[in-house]
Amino acid sequence: MEKRGLSISGTILRLVALLGLTFAAANARASDLEPWKQRQNAIIVDAYEMNSIDWEVMLKDKRIAGFIAKASDGLPESFSCTGDHGGDTVAHCKTMWRKYAVSRELYQTRRMIARSHGLLWGAYHLARPGNPVDQANHFLDYADPRDDEVMVLDIEGIDPEKYMSLEDAAIFAGHIKVRTGRYPILYTNHITAKHIAANRFRHRLLSRLPLWYARYKPDIRKVFPMGNWDSYALWQFSSSHNCGKRRCPYRVPGTLNDIDVNVAAMPASALKAVWAQGALLPEKAPVLTVVAAATRGTAPAASARAAVSFERPALLVSRATAASKSGSGVDMTVTGSIAVKAAEAHLPHQAERR
């Protein structure tokens with residue numbers, strides 16, 4: 001009876017474990033397939049200065065748990081409007097400075113409204129080519145982030161002529177950490193995130209920033225996980241790209257179709273606990289592929305290959321070859337080689353060691 005009881009207990013434990021794994025898998029799938037349709041998941045609105053918002057109407061949507069506003073954009077505007085403005089006229093420079101001053105006042109007003117109504121608050125910097133340290137200082141001066149507010153680095157693409165280079169982005173993030181004690185999270189699209197993930201040992205810092213993922217599709221199960229990102233911190237799923245008069249994944253009351261809408265795969269209470277972020281994600285070990293080949297004589301048909309992947313190599317061998325020969329003038333040469341391909345195992349850039 002005792003053995004039978006143990007057997008039944010073991011069976012029950014296995015069933016419980018199986019149910020737990022099934023439930024976890026279902027939750028994982030649910031977070032990657034239209035999670036905004038699950039009413040317990042928090043909705044976050046993000047906006048730039050030209051987005052029209054009727055706050056009284058918008059706040060009636062109780063699923064909205066947070067608001068992220070555009071703060072700084074590239075390098076700061078010139079105070080004096082003298083010297084080189086990148087081809088700008090002095091008159092346009094003065095216009096942009098007035099616009100900058102007004103947008104900053106709007107930012108502060110929106111923050112006061114959002115926080116007074118219990119919304120989580122955050123700010124993002126739109127990264128441009130130019131000195132990344134100056135841009136980081138510009139962002140902190142503009143946003144004046146509090147300890148409970150998320151900070152975001154917005155990288156729109158990998159063309160360094162149009163956007164901040166990934167190397168400079170790492171310097172930006174490192175400088176934010178030096179000044180605030182926290183890292184920002186990374187906002188970017190699928191193409192850029194995929195590039196960083198595929199080259200994560202070149203971009204060791206960026207690939208470990210929590211990801212705010214912009215992808216306007218209902219299903220991302222075939223693209224996650226990637227690199228160090230097992231999932232997203234936030235998913236921007238709706239904007240003017242896929243929201244119109246007839247169809248829209250999620251309509252925020254009091255706003256137009258051009259407002260950006262995001263989801264967190266968790267309730268507002270859980271989101272509040274992790275909202276400010278600030279830490280790096282764990283770095284995953286490199287996956288090394290070992291390819292072994294052996295050829296007997298010169299006949300191609302006699303060659304063979306095998307491949308195996310492992311995550312924690314005890315010894316890294318770049319390439320090893322060996323040859324043996326038996327007899328004189330007899331084609332019995334057997335050559336073997338082992339090549340270890342570690343495309344990911346690049347040295348990190350100096351800027352990303354900070």
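Quick note: residue numbers are just sequence positions, from 1. The structure displayed is predicted, hence computed values, not measured ones.
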How about [X] and [Y]: does a side-chain donor come under 3.5 Å of a side-chain acceptor?
| X | Y | result |
| --- | --- | --- |
| Asn262 | Trp212 | yes |
| Ser240 | Asn257 | no |
| Tyr124 | Ser72 | no |
| Asn137 | His175 | yes |
| Tyr187 | Gln236 | yes |

Looking at Arg104 and Asp144, is there a salt bridge between them, counting it only when a charged N and a carboxylate O are closer than 4.0 Å? no
Report yes if some heavy atom in the side chain of [X] is under 4.5 Å from a heavy atom in the side chain of [Y]; otherwise report no.
| X | Y | answer |
| --- | --- | --- |
| Asp154 | Leu186 | no |
| Glu161 | Pro129 | no |
| Lys284 | Asp230 | yes |
| Asp61 | Ile43 | no |
| Ile176 | Tyr183 | no |
| Leu205 | Leu280 | yes |
| Ile185 | Leu211 | no |

Using ring centroids (six-membered ring only for Trp), state whether [Y] and [X] fall under 6.0 Å.
| X | Y | result |
| --- | --- | --- |
| Tyr250 | Trp36 | no |
| Phe224 | Trp235 | no |
| Tyr142 | Tyr107 | yes |

What distance do Arg215 atom CZ and Asp32 atom CG have between them, rounded to the nearest 0.5 Å? 11.5 Å
If you measure from CG on Leu33 to CG on Asp219, what distance do you get to the nearest 0.5 Å? 5.0 Å
Anything under 30° is parallel, anything over 60° is perpendicular, the rest tilted; go ahead and classify Tyr213 against His190. perpendicular
Can you label the angle between the Phe172 ring and the Phe139 ring as parallel, tilted or perpendicular, going by 30° and 60°? tilted
Hydrophobic cluster identity match, Met151 and Ile68, side-chain contacts under 4.5 Å: no
side-chain hydrogen bond (donor to acceptor under 3.5 Å, both in side chains) test vs Glu149 passes for just one of Gln277, Arg182, Arg111, namely Arg111
